[in-house]
Amino acid sequence: MATGTARYVRYILITFFILAVFYFVSNSADVTTKLRTPIPTTKPPTKEGDSSAAKDSPNLAKIATDYDASKFLMAMTPNDPGWDDLSGIKDGPRMNATFVTLARNSDVWEIAKSIRQVEDRFNRRYNYDWVFLNDKPFDDTFKTVTSSLVSGKTHYGLIPEEHWSFPEWIDQDKAKKVREDMKEAKIIYGDSISYRHMCRFESGFFFRQELMQNYEYYWRVEPSVELYCDVHYDPFRYMHENKKKYSFTLSLYEYRETIPTLWDSTKKFMKNHPEHIAAGNSMGFLSDDGGENYNLCHFWSNFEIGNLNWLRSKAYIDFFESLDQDGGFFYERWGDAPVHTIAAALMLNKEEIHFFNDIAYFHNPFTHCPTGQDVRTALKCHCNPDENFDWKGYSCTSKYFEVNNMEKPEGWDEEGKKD
């Protein structure tokens, strides 16, 4: 009798193990395997009114589902129907969208915290995919931990060497001397090679990865971030339905020592490619003297939700390749944040850039805590408004509101003033 019971227990354990393995495999994919349900791509649209981004790239993702937005209303305020419906899987359409994270295997427990925040505050009701990218193969621990936390499917991509290395035109001796000088000057990440590869990759290559070709929208998530408030609607849908192409939660001034010639390269690009500069651009966010000098304002790109088709457009690719040839990613320490910001501010119309006041976000050392006690209460926020960076002197968010002739949220002059 005891022998039979032990045999049954072994059968049960073996069955459980097989089911666990099947679940892991079915919810994750390597870049070396084809996605089971690829999101369709389409030839560039040619009908009148299509964006320039859609006309000049042959490999664009498109919205997979046509839908009547009026039949799937999003609850944007506490007065909207469905505001308190935060349980279960949300009805309605989904965008061709993914979360994307650049991470190392050693980041596994820090990115686990970030995933938990995103899932609890938003994605458990929407089940969007997650793409993880690394210049080294992901190990089994990283895949097991992350795939167990994500409600959508997980995909793991290995970055090609040519996207994470010095381009052939870089003078290695000159680049080394720059790193030594920056280290002596105690400039943050000034002597780091890997940080420079990261900035160049995020500036010009993350959206070109094979796995990313399946999507039209991305939400960038870094290790060790926090989302302080519930997200009651689908930001991807908001971006799509309101024709937004780039968004942010935090903005600030860049370290001048890291980008001394970035604006010179930008002005050269503008002179060579006037066709890429939008008539309704946000030059006023970048410059206080009509474009002669850069005021260092930039959107902090460790949080951004954006349109991948715009990044794949000829305009953006031309901009990145012009900067890349100038070598500032290695001869200086150009960050992807000012690169993304300058591109968005010059190539997009003002209305295509969005500030998500209601997505509360923390990445060391800065906090975006929604302005307004009523807003924070409705969103069930747990952030301290005294730590809100938006209206502090080193923030550029006030300038963004001024350039766009927007009224600042009620209470802005009373919150986040403690340094």
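Quantities reported herein were computed from a predicted structural model and do not represent experimental measurements.
- Under a 4.0 Å N-O distance rule, the pair Arg196/Asp191 does not qualify as a salt bridge.
- Side-chain atoms of Ser398 and Lys408 include a donor-acceptor pair closer than 3.5 Å.
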Going by atom type alone, with no hydrogens or angles, which donor-acceptor pairs under 3.5 Å involve a side-chain atom of residues 82-91 and a protein atom two or more places apart or on another chain?
none

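- A side-chain donor-acceptor contact under 3.5 Å links Ser287 to the backbone of Asp289.
- Residues Asn79 and Thr77 bring no donor and acceptor atom of their side chains to less than 3.5 Å of each other.
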Could you pull out every donor-acceptor pair under 3.5 Å between side chains of residues 360-369 and any protein atom, sequence neighbours left out?
unit_1	atom_1	unit_2	atom_2	d
Tyr361	OH	Asn302	O	3.2
Tyr361	OH	Asn302	OD1	2.6
His368	ND1	Asp390	OD1	3.1
His368	ND1	Asp390	OD2	2.8
His368	NE2	Phe356	O	3.3
His368	NE2	Asn357	O	2.8

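- Between the side chains of Asp129 and Tyr215, at least one donor-acceptor pair of N or O atoms lies under 3.5 Å.
- Atom NZ of Lys243 has 12 or fewer heavy atoms from other residues, nucleotides or ligands within 6.0 Å.
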For side-chain contact (heavy atoms from CB on, under 4.5 Å), just list the numbers for Asp135 and His197, CA-CA rounded to whole Å, side-chain angles, deciding distance to a tenth of an Å, and then say yes or no.
CA-CA 10 Å; Asp135 66 310; His197 287 322; over 6 Å; no

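- The closest side-chain donor-acceptor pair between His240 and Glu216, if any, does not fall under 3.5 angstrom.
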Run the numbers on Phe99 and Val131 for side-chain contact (heavy atoms from CB on, under 4.5 Å), then give the verdict.
CA-CA 6 Å; Phe99 296 96; Val131 171; over 6 Å; no

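- For the residue pair Asn349 and Ala278, the shortest heavy atom distance occurs at OD1-CB, 3.7 Å.
- A donor-acceptor contact closer than 3.5 angstrom links the side chains of Thr101 and Trp130.
- Between Tyr238 and His354, the gap from one ring centroid to the other is short of 6.0 Å.
- Across all their heavy atoms, Asn307 and Tyr218 have their closest contact at N-CE2, 4.1 Å.
- Heavy-atom contacts from other residues, nucleotides or ligands closer than 6.0 Å to CD of Glu184 number 12 or fewer.
- Distance alone, capped at 3.5 Å, is enough to place a donor-acceptor pair between the Asn105 side chain and the Asp139 backbone.
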Worked verdict on Thr146 versus Ile111 for side-chain contact (heavy atoms from CB on, under 4.5 Å):
CA-CA 8 Å; Thr146 54; Ile111 193 59; 4.1 Å; yes

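- Ring planes of Phe401 and Phe355: perpendicular class, angle over 60° (limits at 30 and 60°).
- Phe299 is not listed as a side-chain neighbour of His340, based on a closest heavy-atom distance of 4.5 Å or more.
- Residues in residues 181-251 take part in these disulfide bond (SG atoms under 2.5 Å apart) pairs, two or more places apart or across chains: Cys229-Cys381.
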Would Phe206 and Phe201 satisfy ring-ring contact (aromatic ring centres under 6.0 Å, His included), going step by step from the backbone distance to the final call?
CA-CA 6 Å; Phe206 87 90; Phe201 175 78; 7.0 Å; no

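- The side-chain hydrogen bond (donor to acceptor under 3.5 Å, both in side chains) analysis of residues 319-328, with sequence neighbours excluded, yields the pairs Arg200-Asp324, Ser265-Asp326, Lys268-Asp326.
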The test is side-chain contact (heavy atoms from CB on, under 4.5 Å); show your working for Asn96 and Asn214 and say whether it passes.
CA-CA 7 Å; Asn96 281 2; Asn214 291 280; over 6 Å; no

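- Proximity of a side-chain donor or acceptor of Lys350 to a complementary backbone N or O of Val403 within less than 3.5 Å is detected.
- With salt bridges taken as basic N to acidic carboxylate O contacts below 4.0 Å, one links Lys245 and Glu352.
- The aromatic ring centroids of Tyr126 and Phe122 lie less than 6.0 Å from each other.
- Nearest heavy-atom pair, Gln209 versus Leu158, reported as atom, atom and distance to 0.1 Å: OE1-O, 4.4 Å.
- Contact detail for Arg125 and Arg121: the closest heavy-atom pair is NH2-O, 4.1 Å.
- Checked by atom type, the side-chain pair Asn134/Tyr156 shows no donor-acceptor distance below 3.5 Å.
- For residues 231-327, every residue pair satisfying the disulfide bond (SG atoms under 2.5 Å apart) rule, not counting sequence neighbours, is listed here: Cys297-Cys396.
- When all heavy atoms of Val221 and Ser114 are compared, the closest pair comes out as CG1-CB, 3.9 Å.
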What pairs of donor and acceptor atoms, side-chain ones from residues 253-262 against any protein atom, are under 3.5 angstrom apart with sequence neighbours left out?
unit_1	atom_1	unit_2	atom_2	d
Thr258	OG1	Tyr255	O	2.7
Thr261	OG1	Glu332	OE1	3.4
Thr261	OG1	Glu332	OE2	2.6

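- Using a distance-only test at 3.5 Å, with no hydrogens or angles considered, no donor-acceptor pair links the side chain of Asn404 to the main chain of Met406.
- Contact check on Lys113 versus Glu226 returns no salt bridge, with no Lys/Arg side-chain nitrogen under 4.0 Å from an Asp/Glu carboxylate oxygen.
- Nearest heavy-atom pair, Arg104 versus Phe142, reported as atom, atom and distance to 0.1 Å: O-CE1, 3.6 Å.
- No donor-acceptor contact under 3.5 angstrom links the side chains of Ser194 and Trp164, judged on distance only.
- A salt bridge between Lys244 and Glu351 is absent, with no side-chain N of the basic residue lying under 4.0 Å from a carboxylate O of the acidic one.
- With Ser313 contributing its side chain and Trp310 its backbone, the two residues share a donor-acceptor pair below 3.5 Å.
- Of the inter-residue distances, the one linking Lys399 atom NZ with Leu286 atom CG reads 9.5 Å to the nearest 0.5 angstrom.
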